[in-house]
Student: 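Before I ask anything, let me first share the structure, which is written out below as C-alpha cells.
Throughout, a chain's letter reflects where its sequence line sits, starting with A, and its residues are numbered from 1.
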Amino acid sequence: MKTKRRKFSFSNLAIYIILSAMSVVWIMPILWLIMTSFRGEPGAWTPYIFPKEYTVANYTRLFTETGLFNYPRWFINTLIVAVFTCVISTILVLMTSYTLSRLRFRGRKGIMNIGLILGMFPGFMSMIAIYFILKAMGLSQSLTALVLVYSGAAGLGYFIAKGFFDTIPRVLDEAAIVDGANQNTIFWRIILPLSKPIVVYTVLMSFIAPWVDFIFVSVIMKDNYNNYTIALGLYQMITRENIYRYFTQFCAGAVLIAIPITILFIYMQKYYVEGVTGGAVKG
Amino acid sequence: MRFIKNYFMTFAAGDIITKISYLIMGAGCFLRGQIIKGLLFLFLQASFIVYLFNFGLGQLKLLPTLGTATRVEVWNEELQIYEYVQGDNSMLILLFSVMTIIIILAFLVIYHLNIKTAYNNQLTKERGGKLNNMIRDIRSLFDSNLHVTFLTLPTIGVVTFTILPLIFMILIAFTNYDQSHQPPGNLFTWVGLENFRNIFWNDPLQARTFVGILQWTLIWAFFATFSNYILGMILALMINKKGIRLKKLWRTIFVMTIAVPQFVSLMLMSRLLADQGAMNVLLGYLGIGPIQFLTNALYARITVIVVNIWVGVPYTMLITSGILMNIPADLYESARIDGANPVKTFTRITLPYMLFVTTPYLITQFVGNINNFNVIYLLTGGGPLSLDYYQAGKTDLLVTWLYKLTVNNQDYNLASAIGIIIFAISAAMSLIVYNMSSSTKKEETFQ
C-alpha cells in the first residue's frame, strides 16, 4: 500500500498551510456574523471577542416584535417582488438575447450598439428620473413600482445569454425548418429545451437581485415602511440611532436571508462560471 | 438622408391611393382591402394628433424656458386666507417634453412604415399579386418577423426605464436644477455648459473635489482590478494544483463568501474594522494600539482595497479556474525540463497566457470598479469626510459622489454632469474592449 500513497511534497504542504490560512481569513467574518446573531448582550461593539451569553432571542424577536421593524412583512414583500421580477426579467432577457443572437434582420447591429452604449451610463444617474416617472404613473412607493424598476429594462442584460445562444449550432434550426417548423416553434421546442443552464442562470440572478439591493428600493420607497424589502429594512436596523439595540437582530436577520441565497449560489456556481466566461473564453 | 430621399421618390412614383396615405395613414391598406391593418394605422394617427394638440405641444412650447410662472401665494378676500396658485413645474415640463419627443419619433417610424406598406401594396397590385390578409400578417409575426414580436416588450421596457430617464438626466446636466432651484417653489432653467465649467475650473471647491476624486477613482480601479486578478489567479492555481486534495471543499469555502449578500458582509466588515470594532479588540490583545482602519484617509484607502480583495478574489478564482485548465500542458512540461521555478513559470507562462485570454474580462472589471458603489459606500460611506471637498470624503469614488449629490444634496445638475463624465470614461474603456474582444467578432463561429 505504501507505494500508492502520494509522495510527500514540501510545496503541497506549503499550499495547504496557505489555503488554510486564507480560509480562516475568508470565513472569519461569516463566523463572527453567526456568533453575533446568537449573542445575548446588545450593542454593536463588545470589548471582547466571544459573547458572554448565547440566546436565540434575536431570531424570535425578529418575528414577534414587529412594531418598529416588521421583518416577516419585509420578507413577504421581498418574496413577492422577487417572484414577479424573476418571471418578467427572465422572459425579457431570453426574448431579447435569442432575437439578437439567432434571428437576422435589419438594424440588429444597431440595436446591439445602442444596448452597449446605454449600459455604460452609471445606473444611479437615472435613479431620480425613474422615481419621477413612476410618480407620474401614480405608482410611487408601491411594490409594483419596484418590480418595474428591477425588471423593466431587463432586456439590456442580454449579453451573457446571447453569448450562450451564439454557441448552439445553426444546423438545428435548418433541420427544423426543413421539417416545417416556423421561427417561433424553433425557439420554444428546440432551442429553449437545450438552454437549461442559461435559463437557470437568468432565473436565479434576477431572483436574487431584489434580496440584495437596497439603493433603488430606498429611493423608491422613501418613508413607506410597510413596503420595505429585507435589504432596506435590515439597513435601517444599523443606522446610528438603532444600531446599539438592534445590531444582534440585524445579524440574525442577515443570517436568515444568507442561508437560502448561499444554497442557491452554490447550486448555480457552475452556471455562473459558464455564463460569465462563455463570451470571453470561446474566442 | 436616404429616408428623406425615399420619402419624395415614393411620393412621385405612387398612385393616388399611395399619395392619399401620405396624409391619411392606413389609406394604402384599407382602400386595397386590408381593412383591419388600415384602421389600426388610422387609429394610431388619430390618437397621436389628439395627444399632440391636447398635451404634447403645450409642454414643448414651455421647453425653451422650462416654465416662467412660479407658484405664488394669493390673498383670497372671501376666505381670508392665502391660497397657492399652481405655476409651472420645470421638472415635469422637461420630463413630459422628453416623453413627447420620444412619442413623436415613434410616430415618425410608424408613419414611415405606413408609407412603405402603401407603396409595397401598390407594387404588388401592379404585378397582379395578392396582398397578405390579416391572418397571414399575424402568422408572419411568429415566423419571418419573429424579431418584431420578441423585441416589442423589451423595447418598451428599455425606453421607459432607461432611455427616457437617461435623456432627462443628460438634459438636467445643462440646467441649474440644484438644491436652491427645486420646483414648484423655485423653477430651474437652462444654463448651457455652466456645470461642466464649474466642475473643471470655475468653482475652485468643486474642481478640487473633482480632480481629487477622479485621481482616487482611477487609482482605486487599478489596484482593485489587478489585486483581485492576480491573487484570484494564484488562489485558483493553488486549488487546482495536482496533488491538492479536497478541491471541492476549498472552493466551497471561498464561494460561500460570494453568496452572503454584499450589503451584509460589507456592513459587517465596517463594524469589524471600526475604531472600537472586533479587529481592534483583537489587535489590543496582541498589544497593537487601535488602528484607524476607516477614519484615517490613507488607512481607509488601503482598507477598502484590502477588503475588496476579500470580496472579489473568490469571483476571480471561480472564473479563472476554468481557463487555467485550458493552458496547454506541454508548455509547463518544457518549462519544467528547462528547470524553471514556480515563480518563473507563473510570470513567463501562466500570466501572459491568462492576460491574452482574459483581457476583455479585465477591462470590464476595470470599468466595473470605476462604478463600484457597494464596496465604498457600505464600508466607509466615502469617509473620512474632508473640508477640502464639496460634499465628499477621501474614499469617495465618482459614483458615490454622484449618489450623495443626488440623494443627500439634491444637486441634480452636478450629479448629472458627473454621470456624463463617468460615461465618457467607461465608454473610452469599453471601446477598447469592444475592439479587442474576439467574442463579438466571431459570434458565429460556433453556430
Side-chain angles (χ1 to χ4, degrees), chain A residues 6 9 12 15 18-19 23 26-27 29-30 32-33 44-45 47-49 92 95-96 98-99 103 105 118 120-122 124-130 132-133 152-153 155-156 163 166-167 169-170 182-184 211-212 214 231 238 254 258 261-262 265-266 269 273 276-277 279-283, chain B residues 95 142-143 146-147 150-151 153-154 157-158 160-162 165-166 168-169 238 241 243-244 250 253-265 267-269 271-272 276-278 281 318-319 322-323 358 360-361 371 399 402-403 406 412 419 422-423 426-427 430 438-439 442-443 446-447:
Chain A
R6 273 167 215 277
S9 137
N12 279 7
I15 287 177
I18 298 172
L19 279 179
S23 300
W26 256 259
I27 284 296
I30 296 172
W32 191 67
L33 170 74
W45 296 292
Y48 41 84
I49 303 284
L92 293 181
M95 286 202 305
T96 315
Y98 178 80
T99 311
L103 301 178
F105 52 95
L118 288 178
M120 283 173 223
F121 283 95
F124 303 130
M125 191 176 153
S126 49
M127 188 169 61
I128 287 298
I130 291 178
F132 290 142
I133 291 171
L156 276 183
D166 280 344
T167 61
R170 194 161 272 280
N182 65 16
Q183 291 291 343
N184 191 44
W211 296 90
V212 296
F214 68 96
I238 43 171
I261 293 181
T262 310
F265 202 91
I266 288 178
Q269 57 165 303
V273 176
V276 175
T277 53
V281 189
K282 284 171 194 135
Chain B
L95 185 61
F142 290 96
D143 197 5
L146 188 68
H147 60 273
F150 271 15
L151 284 185
L153 267 181
V158 170
T160 327
F161 291 102
T162 305
L166 214 53
F168 176 77
M169 290 317 280
M238 288 197 297
K241 185 174 182 290
I244 296 293
W250 298 119
I253 288 175
F254 290 100
V255 168
M256 256 171 69
T257 61
I258 303 184
V260 177
Q262 253 185 31
F263 80 94
V264 172
S265 56
M267 290 309 299
L268 207 68
M269 283 288 200
R271 303 298 150 206
L272 211 60
Q276 305 108 305
V281 172
L318 261 185
I319 285 160
I323 309 174
T358 56
Y361 170 76
N371 290 310
V399 262
L402 183 159
Y403 177 84
T406 315
Y412 300 132
I422 298 176
F423 164 76
S426 320
S430 304
S438 49
S439 61
K442 298 182 190 163
E443 61 177 355
F446 288 87
Q447 284 189 351

Student: Compare every heavy atom of A:Ala231 with every heavy atom of B:Phe263, then report the nearest pair and how far apart it is.
Tutor: CZ-CA, 3.5 Å
Student: Of the non-hydrogen atoms in B:Ala427 and A:Met120, which two are nearest, and what is the gap between them?
Tutor: CA-SD, 3.1 Å
Student: B:Gln262: which residues meet the side chain to side chain donor-acceptor pair (under 3.5 Å) condition with it, sequence neighbours left out?
Tutor: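 For B:Gln262 the side chain to side chain donor-acceptor pair (under 3.5 Å) partners, ignoring immediate neighbours, are B:Asn374.
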Student: Side chain, backbone, both or neither: which part of A:Leu103 has a heavy atom under 4.5 Å from chain B?
Tutor: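 For A:Leu103, side-chain heavy atoms alone lie under 4.5 Å from chain B.
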Student: Show the numbers, then the answer: is there a side chain to side chain contact (heavy atoms under 4.5 Å, CB included) between A:Thr99 and B:Leu146?
Tutor: CA-CA 8 Å; A:Thr99 311; B:Leu146 188 68; over 6 Å; no
Student: Is any side-chain heavy atom of A:Ser23 less than 4.5 Å from a side-chain heavy atom of B:Phe254?
Tutor: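 With C-beta onward as the side chain, the pair touches.
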Student: In terms of heavy-atom pairs under 4.5 Å, which option from B:Leu166, B:Asn371, B:Ile253, B:Thr162 contacts chain A the most?
Tutor: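 Most pairs with chain A among the choices: B:Leu166.
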Student: Looking only at heavy atoms, which two atoms of B:Met169 and A:Ser126 are closest? And how far apart?
Tutor: CG-CA, 3.8 Å
Student: Measure the shortest side-chain to side-chain distance between A:Met127 and B:Tyr403 over non-hydrogen atoms and say whether it is less than 4.5 angstrom.
Tutor: yes
Student: Could you go through the side chain to side chain contact (heavy atoms under 4.5 Å, CB included) check for A:Phe105 and B:Leu151 one step at a time?
Tutor: CA-CA 12 Å; A:Phe105 52 95; B:Leu151 284 185; 3.8 Å; yes
Student: With only heavy atoms counted, which part of A:Trp211 is less than 4.5 Å from chain B, the side chain, the backbone, both or neither?
Tutor: backbone
Student: Taking all non-hydrogen atoms of both residues into account, name the closest pair between A:Pro29 and B:Leu268 and its distance.
Tutor: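 Distance-wise, the nearest heavy atoms are O-CD2, 3.2 Å.
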Student: Using a cut-off of under 4.5 Å on heavy-atom pairs, state which of B:Thr160, B:Val260, B:Leu95 scores highest against chain A.
Tutor: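 So the answer, after comparing B:Thr160, B:Val260, B:Leu95, is B:Leu95.
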Student: Report the residues that fulfil side chain to side chain donor-acceptor pair (under 3.5 Å) with A:Asn184, sequence neighbours left out, ordered by chain and then residue number.
Tutor: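 Per chain and number, A:Asn184 pairs via side chain to side chain donor-acceptor pair (under 3.5 Å) with A:Trp188.
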Student: If you tally heavy-atom pairs under 4.5 Å against chain B, which of A:Thr96, A:Ile128, A:Ile130 wins?
Tutor: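 That would be A:Ile128.
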Student: Under a 4.5 Å heavy-atom cut-off, does chain A meet the side chain of B:Met267, its backbone, both or neither?
Tutor: side chain
Student: Identify the heavy atoms of B:Asp143 and A:Gln183 that sit nearest to each other, and give their distance.
Tutor: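 For B:Asp143 versus A:Gln183, the nearest heavy atoms are OD1-N, 2.9 Å.
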Student: For B:Phe142 and A:Asn182, work out which heavy atoms get closest and say how close.
Tutor: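 Between these two residues, the closest heavy atoms are O-CG, 3.7 Å.
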Student: Among the options A:Ile18, A:Ile238, A:Leu19, pick out the one with the most heavy-atom pairs lying under 4.5 Å from chain B.
Tutor: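 Option with the greatest count: A:Leu19.
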Student: Which bit of B:Leu153 is near chain A, if near means a heavy-atom gap under 4.5 Å: side chain, backbone, both or neither?
Tutor: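 Contact with chain A involves both backbone and side-chain atoms of B:Leu153.
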Student: Look at the rings of A:Phe132 and B:Phe168 and say which category their plane angle falls in: under 30° parallel, 30 to 60° tilted, over 60° perpendicular.
Tutor: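 Aromatic pair A:Phe132/B:Phe168 classed perpendicular.
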